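None of these values were measured; they are calculated from a predicted model.
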Amino acid sequence: MRKRRPKGGQARRKEKAVGSVRASEMTFTETERVTMGTPAREAIRDQAEKMGARRVFILASETLRTKTEEIAAIEHALGDRHAATFSGIAPHAPRSDVLRAADAARAAGADLIVSVGGGSVTDSAKIIALLLKHDVRSVALLHNS
């Protein structure tokens, strides 16, 4: 068995050769729960309640927010728990967009960030949580963090 050391935020991987196929195992950060088969508005409301979140910040794709009723349905289902919604993360999550969204989450007093959309929106939500935790408020600080 060959062990690799994680570099930065990379997953740890264990591997061993088995015939022509390399058996492997990857370890990622913990996922607390995954909900399937339930409308998003219900799943998000239920998860917010289970987590005791009072200020839910929705980070949504522009398409879902403007071309569907799904984001409005989630906002309605959250009721008083809905703090704010932000859309406008461009593809590849530009730093300036992520920082604007982090500022909006901070201003809303978010205690839970929910992403609804594709990869750039989801990646941004993870970064926003770190920006809030470490109080990063500028691109310069983002580069120095």
Visitor: Is the closest side-chain heavy-atom distance between Arg81 and Arg54 below 4.5 Å?
Guide: yes
Visitor: Examine distances only and state if a side-chain atom of Arg137 and a backbone atom of Asp103 form a donor-acceptor pair shorter than 3.5 Å.
Guide: no
Visitor: Checking Asp111 side chain against Arg55 main chain: does a donor-acceptor pair fall under 3.5 Å?
Guide: yes
Visitor: Going by atom type alone, with no hydrogens or angles, which donor-acceptor pairs under 3.5 Å involve a side-chain atom of residues 86-93 and a protein atom two or more places apart or on another chain?
Guide:
{"from": "Ser87", "atom 1": "OG", "to": "Glu62", "atom 2": "OE1", "distance (Å)": "2.9"}
{"from": "Ser87", "atom 1": "OG", "to": "Arg65", "atom 2": "NH1", "distance (Å)": "3.3"}

Visitor: Does any part of the side chain of Val114, heavy atoms only, come nearer than 4.5 Å to the side chain of Leu78, both counted from C-beta?
Guide: no
Visitor: Is there a continuous path of hydrophobic side-chain contacts, each under 4.5 Å between heavy atoms, that joins Val56 to Met51?
Guide: yes
Visitor: Considering all heavy atoms of both residues, which atom of Ile128 and which atom of Ala101 are nearest to each other, and what is their separation?
Guide: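 Closest approach of Ile128 to Ala101: CD1-CB, 3.5 Å.
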Visitor: Between NZ of Lys50 and OG1 of Thr35, what distance do you get to the nearest 0.5 Å?
Guide: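 Reported to 0.5 Å precision, the distance equals 6.5 Å.
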Visitor: As an exercise, state the distance from OG1 of Thr122 to CD1 of Ile127, rounded to the nearest 0.5 Å.
Guide: 11.0 Å
Visitor: With Asp80, which residues qualify under side-chain hydrogen bond (donor to acceptor under 3.5 Å, both in side chains), at least two apart?
Guide: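 Residues passing side-chain hydrogen bond (donor to acceptor under 3.5 Å, both in side chains) with Asp80: none at all.
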Visitor: Of all the heavy-atom pairs spanning Phe57 and Ala104, show the shortest one and how long it is.
Guide: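 Minimum heavy-atom separation between Phe57 and Ala104: CE1-C, 3.7 Å.
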Visitor: What side-chain donor-acceptor pairs closer than 3.5 Å can you find for residues 67-76, not counting sequence neighbours?
Guide:
{"from": "Thr68", "atom 1": "OG1", "to": "Leu64", "atom 2": "O", "distance (Å)": "2.5"}
{"from": "Thr68", "atom 1": "OG1", "to": "Glu70", "atom 2": "N", "distance (Å)": "3.3"}
{"from": "Glu75", "atom 1": "OE2", "to": "Thr85", "atom 2": "OG1", "distance (Å)": "2.6"}

Visitor: What distance separates Lys126 NZ from Leu59 CG, expressed to the nearest 0.5 Å?
Guide: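 If we round to the nearest 0.5 Å, Lys126:NZ and Leu59:CG are 12.0 Å apart.
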Visitor: Which heavy atom in Ala102 sits nearest to a heavy atom in Leu131, and how many Å separate them?
Guide: CB-CD1, 3.9 Å
Visitor: Please report the C-alpha distance between Ile44 and Ile58 in whole Å, then the side-chain angles of each, then the deciding distance to 0.1 Å, and finally whether the side chain to side chain contact (heavy atoms under 4.5 Å, CB included) criterion is met.
Guide: CA-CA 10 Å; Ile44 292 167; Ile58 300 169; 5.9 Å; no
Visitor: Salt-bridge test for Asp97 and Arg100: reply yes if a basic N is under 4.0 Å from a carboxylate O, no otherwise.
Guide: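 Yes.
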